[in-house]
4 protein chains.
Amino acid sequence: MRDGLFEAAVAVIAERGIAGLTIERLAIAARVAKGSVYNYFRSKRGLLQFVHQKAYEPINVQMDEIAASRQTARGKLEAMARMYFEHVNQERELFDFLLNDASVRGLLKAEQDALRAQVIAVLTVILEEGIAGGEFRPLDAKGVAEMILGAIRQLAECELAGSQPRSPEEIVGVLVPVFLEGIRKTD
Amino acid sequence: MRDGLFEAAVAVIAERGIAGLTIERLAIAARVAKGSVYNYFRSKRGLLQFVHQKAYEPINVQMDEIAASRQTARGKLEAMARMYFEHVNQERELFDFLLNDASVRGLLKAEQDALRAQVIAVLTVILEEGIAGGEFRPLDAKGVAEMILGAIRQLAECELAGSQPRSPEEIVGVLVPVFLEGIRKTD
Amino acid sequence: MRDGLFEAAVAVIAERGIAGLTIERLAIAARVAKGSVYNYFRSKRGLLQFVHQKAYEPINVQMDEIAASRQTARGKLEAMARMYFEHVNQERELFDFLLNDASVRGLLKAEQDALRAQVIAVLTVILEEGIAGGEFRPLDAKGVAEMILGAIRQLAECELAGSQPRSPEEIVGVLVPVFLEGIRKTD
Amino acid sequence: MRDGLFEAAVAVIAERGIAGLTIERLAIAARVAKGSVYNYFRSKRGLLQFVHQKAYEPINVQMDEIAASRQTARGKLEAMARMYFEHVNQERELFDFLLNDASVRGLLKAEQDALRAQVIAVLTVILEEGIAGGEFRPLDAKGVAEMILGAIRQLAECELAGSQPRSPEEIVGVLVPVFLEGIRKTD
DNA sequence: TATGAATGAGGATTCATTCAT
DNA sequence: TATGAATGAATCCTCATTCAT
């Protein structure tokens, strides 16, 4: 039932944005009475926290799998980018809400920060592995991790906003070479 | 008068977030009667559009200056990054609202998209100049522009959220080399 | 089972006040399912009536015992005062609810009035006995009974509200002489 | 306008009890929109505090006048009883709410205690004057003050609940002799 | 008989917008 | 033009009560 409410919440967010997620609309979307929501969540905030955590779960799992896999750091970055992009791409409104939405910062600041920190932490570890293993130049790993995350988010956002949809493969094909080789022309 | 309301709006947003911007508080901050606001703006939406456009103006102007300046494409990217970061950094709450806030996305989707598109367009032109001039490798200029914008936004966000403040210089010092040279180690 | 619910109700009222007595909390306190309450009481009102009557029982019994006992009218008044005060004192929240709470007055007006009337009736009888027996002056027995009840209630209330707790003995020591002898200085 | 809301509140309390005073009903009684109430009171609690204080004002004034008047302590007690009884008598529901109502204790405990303490304090001073002046026997003035207040309250309550209305004069005629002379028969 | 999930009416509060002065 | 009181729709949340299992 909590799962049903989760899906209803995702649907409402997708359709009307996070600001459009009222308990009333949630209840209607879940085909449930308004009061029933409060049998499963103490408050709207509790609901949002649950939605946040639930949406974050699969990313968390796959992040850890990728981080633990046997492959080059570059391979891991590629895999992370692809995975992350696919998720973000799939439910854009939801992920805006998870990571960015300023209107819920007051309620979920801790959760948003934790999620972002977690993603950056995993990327940072991969980058440090790559540096230690001689794959990457010595760099501010955390700063680069932030840049990669930001780049992916923006690519996803623009792709969804824009008219010319690009596949995850295309996007990874742009992202990875730029971060790996840079954009400067070398003779 | 509209300008006075703009500044009052910025002040309220900075202090209480976008969700805290009510007509009442706006009027108090502007030392004006609540009803008077409606003599200058048809609605709250109209006000927000004005605020959005007005806040965007200085960035627009400087973007154009940088784009028109005589320097290498790399120099322009650096200058853009520094300028953009400084602005975002300076009024974080405001820019959250301008770029991220989902609660106004319904109202200002067009404006937000236009702003983003404008920034990306300018960056794209610079990148294309660099490619044409032999400075940069031939690449998907628009995709890279998006990546750069995303990276800057994320760096700014993390910097404000985090405990270890970094100066614009430091941030540009991380950003530019990565995009220019990439992170791969070359013997 | 009804008795179990009664005790649970008293516990909840004592801890959270009458406004805090919800069916949910009652059920939890009684270690019973919420729906089960309605197998024993038609409604919340029925429950409150039962609680009211049940709480009133021991007072009723002791009142009758005192009234039937062999002692002077003065002795009976003293005993009544002490007994009543001890009860009220012991479960103040409960007695607030029984006697004062306006939020249930709509529901339990009849019961509250009956209880008050009963107490006053017993006191009145004692006073009339005293008058008939030559112990007391001829007076409006019912009015005096009301005054005595009111005085006891107020003393109890103030004692619980105040910082300086007085024992039942002390209170009776103030109450009885005043009513018996008056406050006027003689000679 | 606050006064209009005060009177509407008194009317609603008189008709439906304190538990029946909702913002909606208040607004209807005051022939005002629901939201307008909040232009004059920050919250329901603020409204209740205002009502409390406003209702208490005339009693306060008259109490002080009586206390300052030139007459015997007995005369003052009589005057106080009569005045208090008249007020309580006039708006019983309101005064229940002011002094007794357990359902608003949480909100107005401080105010209720202060009012009760104030009344008791004035009575105590009168009693002490009487003791000092040789009118009254030396007694626990505060305890007696509480008893007098309680007696008045109960008399008023019973009079309103009962079928046989008594005039203030009658009630004072019962109250004062009992407290002054006591009920014991002196040959 | 026991359960507890589901219900929906009701209540406090906020706020963009209107309009008479 | 300026004002700010008045409005009422919208929102979160509570809780007595019902009913299928």
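This is a predicted model, so every value here is computed, not measured. By convention in this document, chain letters (A, B, ...) are assigned in the order of the sequence lines, proteins followed by strands, and residues within each chain are numbered from 1.
- With hydrogens and angles disregarded, a donor-acceptor distance shorter than 3.5 Å links the side chain of A/R25 to the backbone of A/G20.
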- Note on the structure: Quick tally for nucleotides 13-21 of chain E: nucleotides whose base has a protein heavy atom under 4.0 Å get B, sugar-phosphate-only ones S, the rest -, giving BBSSBB---
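- The residue among A/V32 and C/V32 whose nearest nucleotide of DNA chain E is located toward the 5' end is C/V32.
- Not a single side-chain contact (heavy atoms from CB on, under 4.5 Å) links D/E15 to another residue, sequence neighbours left out.
- Within 4.0 Å (heavy atoms only), A/V37 reaches no atom of the nucleic acid at all.
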- Verify side chain to side chain donor-acceptor pair (under 3.5 Å) between C/Q49 and C/Q53, making sure each step is shown before the conclusion. CA-CA 6 Å; C/Q49 286 174 324; C/Q53 174 243 310; over 6 Å; no
- Item | Dot-bracket encoding of pairs in DNA chain F, which uses [ ] for pseudoknotted crossings and | for another strand, Watson-Crick or G-U under 3.5 angstrom | .||||||||||||||||||||
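- As rounded to whole Å, 12 Å separates atom C1' of F/dC12 from atom CG of A/L48.
- No donor-acceptor distance shorter than 3.5 angstrom exists from the side chain of C/R116 to the backbone of D/C158, with no hydrogens or angles considered.
- Atom CZ of C/R31 is separated from atom P of E/dT3 by 13 Å (rounded to the nearest Å).
- If you take CZ of D/F41 and C1' of E/dA12, they are 15 Å apart, rounded to a whole angstrom.
- Counting heavy atoms from C-beta on, the side chains of D/Q118 and D/Y56 come closer than 4.5 Å.
- Proximity of a side-chain donor or acceptor of D/R2 to a complementary backbone N or O of D/Y40 within less than 3.5 Å is detected.
- Atom CD1 in C/I28 sits about 13 Å away from atom P in E/dT3, given to the nearest Å.
- Surrounding CZ of B/R16 are at most 12 heavy atoms belonging to other residues, nucleotides or ligands under 6.0 Å away.
- A distance-only check finds no donor-acceptor pair linking the side chain of B/K34 to the backbone of B/L26 [under 3.5 Å].
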